[in-house]
Amino acid sequence: MDIQHIRNFSIIAHIDHGKSTLADRMLELTGAVQQRDMKAQLLDDMELERERGITIKAHAVTVYHEKDGERYQMNLIDTPGHVDFNYEVEKSMQACEGAILLVDAAQGVEAQTVANAFLAIEADLTILPVLNKVDLVHSRPDEVAEEIETSLAIEATDALHVSAKTGKGVKEVLDRIIERVPPPTGDREAPLRALVFDAVYDEYRGVIVYLRLVDGRLHKRDKVRFVSTGSIFEAIDIGRFQPKMTPCQTLEAGEVGYFVSNIKTLGDVRVGDTMTLASVKNPEMLPGYREPQHMVFADFYPTNPGDYEDMRDALETMALTDSSLTFEPVTSDALGFGYRCGFLGLLHMEIIQQRLEREHDMDMIQTAPSVTYQVKMKTGEEIWVHSPGNLPSPDKYDELREPIARVSMLMPAEFIGPVMQITTDHRGVFVRQEHLSATRVQLVYDIPLAEIMYDFYDKLKSATRGFGTLNYDIGDYKADNLVKLNILVNGKEVDALSSIVHHSRADARGRAVLKKLRKEIPRHMFEVRLQAAIGSKILARENIAALRKDVTAKCYGGDITRKRKLLEKQKAGKRRMRQVGNVDIPQKAFLAVLGGDEK
Amino acid sequence: MAGHAELSIESLPSAPAGTPLYVHLPFCVFKCHYCDFYSIPAEGQDIPGFLATLEQEIAARAPQSPTTVFFGGGTPSLLSIEQWQRLMAVLEEHTGFRSSAQEITVECNPESLDENKARALLDLGVTRLSIGLQSLRAQTLQQFGRVHSANEALEAFRAARRAGCRSINLDVIFANPGQTAAQWRVDLERILEEGPDHLAAYNLTFEEATPFLRWLEQGKLQALPEELELELAEITRELTTAAGLRPYEISNFARDGHACHHNINYWHNGPYAGLGPSAVSKIGNRRGGSARSLPLYQKRMAQRGHALDWSETLDAQARLAETWWLGLRLTEGLSAREARERAGFQDPTDPAVPVAERLVQAGWLQRAGERFQLTTKGLPLADAIASEFFSTLVPEGTANPT
């Protein structure tokens, strides 16, 4: 396919604005997939993705579309839509020349739309606004077009109207991409340069590398080099996603495709790297990617200490398919050996946790997520603290700084009052307020990241009856009056339960944590004492009374098997518990230190 | 391999001579609201048809010369004297139990036990009658769904005595919703005044799939507070002891020489053969139960000549853990050696001993010579204590169903 007949584009949209459905319709319309083979949202192939209705990994697909008697190769790069996965959105955009800005004509512009559109503008993409769900009775395409213009300064008067659900207007979208998105530029006669924009791990084929060819050609059997790592591989199989992996002999500049060799670990493939032919000396790197920003850290400990090695294997395997997951060994007095993992955000954390449990059958204890703190020591040294348990004692440092997020929230104007109240409750500092249209407002606040980690989004949603959306960027670190809140179980400090909180909240938080722990920790054969403390000062106490009665009244021949199973069932409940001293603490209790309900 | 391999009678070995025998007779006038045993209202049922099937099962599976025989239910006393005569004759023909069994018990309910019936049973070799009295309060009997009055219950007991029965158990339940400590004290004193040889006093349990559990969940019934339940159990031990009935198991109290041999065998984790629907057998390392429905029981018997519905194999560790669980229920407790012998545990290192010793340290068990026993403090926590053995000995769960 000559380069003038190639278009590379992505679709950016807020969650639930219909991106995957639009992609499905494009596949059908171009005949890439027969209708009867369509599973809804074909591109979301992981079980978890389908279940949660979100796209986690970027995917690519090549379709062919005819316009005015000419055939075009259209490469669609699907992107995730959640705030946690901005990094992956950026990666996929760098492989495109254009982007469809898909906005729900009923919901209007959301914070995520704005954030992703700015990423696309930054990547210098041609942006085509498309209004989806115009068949809904309460859709308001004109107002939403105005919102796009006000909030993004993107011309939207001739935005296409589609219904991805019914397929209406989808052909026009493809036609417009051909008309307006420029073909790739690139020199097919120059030495090979290809951008690695994603990589996934396949159990049978090893690492599958997603490529966008910028210059030159890649032939099957070529020897290639990844520039940053220097490792050399043979192109055992190359091809396009149509959407199934379809082998070909050659990929050319401008095209999107895959590369398979015997790559067993993702350590050999750095997403953002440049691929060249092994024979090229001193190749020029393509502009690289920003390293993923880890916003949230949490510790995973195997419930059974003997599973430590298995957990490492599982994390390594997961890291093969998820380049944004990091982990390092960690030791806790209470929980023994485990791993501190870095995540893009809370959703990312939750997904990793569930995949470890489902795909790798790990039983584990997860500590409450924590942000990274910056500590200015008395010695003048600055250190990073990823876990409250590692915070030095207060006499050793001058300042404890926390990351501040610049949070942008979009909502209908009538909800400004309640939203401002929530931000104040979360130590937010007002930055600015903008009216996007007569009815929609953007509020910008600086809020400590730790404050928005847990239930801030849920609170925003409920205060705005579901209409509020948010996006955030991490800004500076700022010092505040922060203290370490310790939790003691039967007089023993449990490092995995400690947290860093604002001084003014310590009392309420301590009480709230103990109340939750009291609910989560089962009764034991002895009394369990819980205390919350700052240093040696006890802020709150709770006791879990000893179990007094646990005995089967009737136990004869016909009862034994059944009663034994009941005993075992109780024991099975203990599987997800960890012994601290002689107290069994269930997994859920370790999350009790998260905020919420402190009033 | 088929997904549901047919269970054959071979999946339980046949019971060796001397194995204690349990026979389940499932009919009741009315099923009580708390009861989770397999029982069905007798009205309209083909009892002779069932007995014919049971006779086949006796012929096929009953052990020779059982050391004890226990007829449970259901309400065995519901059978007529003629039906009993025939059943006992068939059983005698196949097992010779009348000369081998040191104890032959029949469970009775007051509405179907009079002096005649009691005498007939004794004439047939029965040595022990167990009467479901449950409570002396009319309101409680009604709450339970019992079909007899308190007076009828006492009258049945006296009739059994008049007939010459020298070993009588009364079954009672405490901790029913609304009960107070004072009430229970009065009721139990009154019951003990009658002079039973044995008392089985059960803390009411809200069992799965019973109206009582449903009512509890619907808020129509309230369980008693734990503290009160503990107090009631205390009162039970105090009053029975004062009346000369020694507590020999968590819920069982007896005059000297009247402890139930058949049941002690369960707590010794001994072998037993069970006949009739829902009855369970334990033979060697295998345990299995018959179909828990009369039609299915009869169908299986007709088609296969046995009614086995499930079975499991117990490995040595699981057998040892079960042996401690069951053995500690007895006041006498058990020694590590007895546990190993009963469990058939051969391994020279005994994994239960460190657990038992740890529990002694913590004050849940005490030593009496070689034996370990629950302490007063440990008694109401017998299950939690048993869990310690299970979680150490069989951390991944016990038996494999076959």
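The structure displayed is predicted, hence computed values, not measured ones. Chain A is the first sequence line, chain B the second, and so forth, proteins listed ahead of strands; every chain is numbered from 1.
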Legend entry - Donor-acceptor pair, side chain of A:Arg564 and main chain of B:Phe390, under 3.5 angstrom: no
Inset, instruction - In plain terms, say whether B:Asp36 and A:Arg562 are close enough for a salt bridge, that is, a side-chain N and a carboxylate O under 4.0 Å apart. - result: yes
Inset, instruction - Under 4.5 Å, counting heavy-atom pairs only, tell me which of A:Val551, A:Thr561, A:Asp550 racks up the most with chain B. - result: A:Asp550
Legend entry - chain A neighbours within residues 378-385 of chain B, where any heavy atom lies under 4.5 Å away: B:Leu379, B:Pro380, B:Leu381, B:Ala382, B:Asp383, B:Ala384, B:Ile385
Legend entry - Flag if over 12 foreign heavy atoms under 6.0 Å of CZ, A:Phe337: no
Legend entry - Most chain A-contacting option - heavy-atom pairs closer than 4.5 Å, from B:Glu227, B:Glu208, B:Glu249: B:Glu227
Inset, instruction - Let me see the working for B:Asn203 and A:Lys549 under side chain to side chain contact (heavy atoms under 4.5 Å, CB included), right down to the final yes or no. - result: CA-CA 11 Å; B:Asn203 189 320; A:Lys549 185 169 172 288; 3.1 Å; yes
Inset, instruction - Can you measure from CD1 (B:Ile173) to NZ (A:Lys554) and round to the nearest 0.5 angstrom? - result: 6.0 Å
Legend entry - A:Thr552 OG1 to B:Trp325 CH2 distance, which is reported to the nearest 0.5 Å: 6.5 Å
Inset, instruction - Determine, step by step, whether B:Leu326 and A:Ile560 satisfy the side chain to side chain contact (heavy atoms under 4.5 Å, CB included) criterion, reporting the C-alpha distance in whole Å, the side-chain angles of both residues, the deciding distance to 0.1 Å, and the verdict. - result: CA-CA 9 Å; B:Leu326 297 167; A:Ile560 291 169; 3.8 Å; yes
Inset, instruction - Please say whether more than 12 non-hydrogen atoms of neighbouring residues, nucleotides or ligands are located less than 6.0 Å from CZ in B:Arg292. - result: yes
Inset, instruction - Mind telling me whether A:Tyr556 and B:Tyr266 have parallel, tilted or perpendicular rings, with 30° and 60° as the class edges? - result: perpendicular
Legend entry - Interface moiety of B:Asn252 toward chain A, non-hydrogen atoms closer than 4.5 Å: side chain
Legend entry - Intermediate values then yes/no, side chain to side chain contact (heavy atoms under 4.5 Å, CB included), B:Glu207 and A:Asp559: CA-CA 12 Å; B:Glu207 302 279 4; A:Asp559 305 312; over 6 Å; no
Legend entry - Top contributor to chain A interface from B:His262, B:Glu229, B:Lys282, B:Lys377 [non-hydrogen pairs under 4.5 Å]: B:Glu229
Legend entry - Under 4.5 Å from any heavy atom of chain A - which part of B:Phe37: side chain
Inset, instruction - Starting at CZ of B:Arg358, measure out to CG of A:Asn582 and round the result to the nearest 0.5 Å. - result: 10.5 Å
Legend entry - Heavy-atom pair count under 4.5 Å with chain A, highest-scoring of B:Tyr202, B:Tyr38, B:Tyr272: B:Tyr202
Legend entry - Part of B:Tyr22 lying under 4.5 Å from any heavy atom of chain A: neither
Legend entry - Which atom of B:Ser251 lies closest to which atom of A:Ala553, heavy atoms considered: OG-O, 2.8 Å
